[in-house]
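Here is the structure we will look at, set down as structure tokens.
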Amino acid sequence: MAGAERALAFHLDRTLGCGQVFHWRREGDAWIGAIGNEPVRVEQRGERLTVTAGAEHVVRDYFALDHPLDEIYASFPRDDAMCAAVEFCHGLRIVRQPAWECLATFITSAMKQVAHIAQISHTLRERYGAEVAPGIFSYPSPARLAALSEADLRECKLGFRAKNLLGAARMVASGEVDLDHAAALGDDEARAELCRLPGVGEKVANCALLFGFGRLAAFPIDVWIERVLRDLYFRRKRNVTARRLREFSASYFGPYGGYAQQYLFHHARLTWSR
DNA sequence: TGGCAGGGGTTGA
DNA sequence: TCAACCCCTGCC
């Protein structure tokens, strides 16, 4: 069954290297990291994901092997940019990150490049997470971070983001913002709830919704995606407002807009010269 | 080796 | 609409 086989399509390097998650480490052909508190080692063999350490069902859920890629690709608009992105990114999957670590990581990502976001994530894990296997650390809980001082977090090279992460951790730890409750809300209500946290605006909230809450229609617009939209979809049109870009992306890319966004983003970031 | 520009965002005026 | 917030990376 070509369809069933294709639905299993999976590309580990693209999935972990596309800027949706930052703490995985390459070791030879394998990738090593933690899924929550589960230490995991995975490899690509053919089109398949192979688990060499960690619970199989945890890994398969995290890497979203049940996402219907065929159906997702078929839902995309058939324009040149989208087709090129699908060809370039085939097998890339939006993973299911634990909500808090996803949200917190994107709070620390503001105006940062991938290398630095990864460095911050590793420092926070090593200093305040739990060592779940030799050299592998979980992301610190809201309560753990809430007990720290802003100075502690600034020592992790967070800069002005320290205050935001601390404030968010305290609001989540105290129950003032309940992530489980947010997970039960509709997309717009959940986004509004997340935006109550310091350091969380529309972009960070949409990243959290897409990568941490499984809302596959969420469409984060960062500077790269804004360039893509303006260059490929609004060519020769000046004065296109941010609001217009939001409205366009929400309707044009369909129910799996988050996938479309990640494919356009990854394709552009690796192929466009600046 | 050192100096400098610029960066995946949010906030508040 | 725009400056301020911080400081690390990459490039010259």
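Every chain is numbered from 1, with letters handed out A, B, ... down the list of sequences.
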How long is the line joining [atom1] of [X] and [atom2] of [N], in whole Å?
X	N	atom1	atom2	answer
A:His116	B:dG9	NE2	C1'	15 Å
A:Leu165	B:dT10	CG	C1'	14 Å
A:Ile117	B:dG9	CD1	C1'	11 Å
A:Ile225	B:dG9	CD1	C1'	15 Å
A:Met111	B:dA5	CE	P	15 Å

How about [X] and [Y]: are their ring centroids closer than 6.0 Å?
X	Y	result
A:Tyr263	A:Phe253	no
A:Phe22	A:Phe106	yes
A:Tyr259	A:His67	yes
A:Trp31	A:Tyr62	no
A:Tyr73	A:His90	yes

Verify stack between A:Phe160 ring and C:dC6 base, 5.5 Å, 30 degrees: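 Stacking between A:Phe160 and C:dC6: absent.
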Nucleotide nearest A:Lys203 when distance is taken to its side chain, options C:dC6, B:dG8, C:dC8: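 Per side-chain heavy atoms of A:Lys203, the pick is B:dG8.
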Of the listed nucleotides C:dT9, C:dC6, B:dG8, the one nearest the side chain of A:Arg154: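 The answer is C:dC6, which lies nearest to the side chain.
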First encountered from the 5' end of DNA chain B, between A:Phe106 and A:Asn164: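 Final value for this comparison: A:Phe106.
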Of A:Gly199 and A:Asp222, the one whose closest DNA chain B nucleotide lies more 5':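 It is A:Asp222 whose nearest nucleotide is closer to the 5' end.
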Strand DNA chain C as a dot-bracket string - pairs counted if Watson-Crick or G-U with both distances under 3.5 Å, | where the partner lies in another strand: |||||.||||||
Upstream residue (5' side of DNA chain C) when A:Ala115 and A:Gly159 are each assigned their closest nucleotide: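 It is A:Gly159, whose closest nucleotide lies nearer the 5' terminus.
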Pairs meeting criterion salt bridge (charged side-chain N to carboxylate O under 4.0 Å, His left out) with involvement of residues 105-116 of chain A, two or more places apart: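 Those involving residues 105-116 of chain A do not exist here.
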Touch class at under 4.0 angstrom, heavy-atom based, for A:Lys112 against every strand present: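 Contact class for A:Lys112: base.
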Sugar-phosphate only, base, or nothing, as touched by A:Ile120 at under 4.0 Å among non-hydrogen atoms: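 Contact class for A:Ile120: none.
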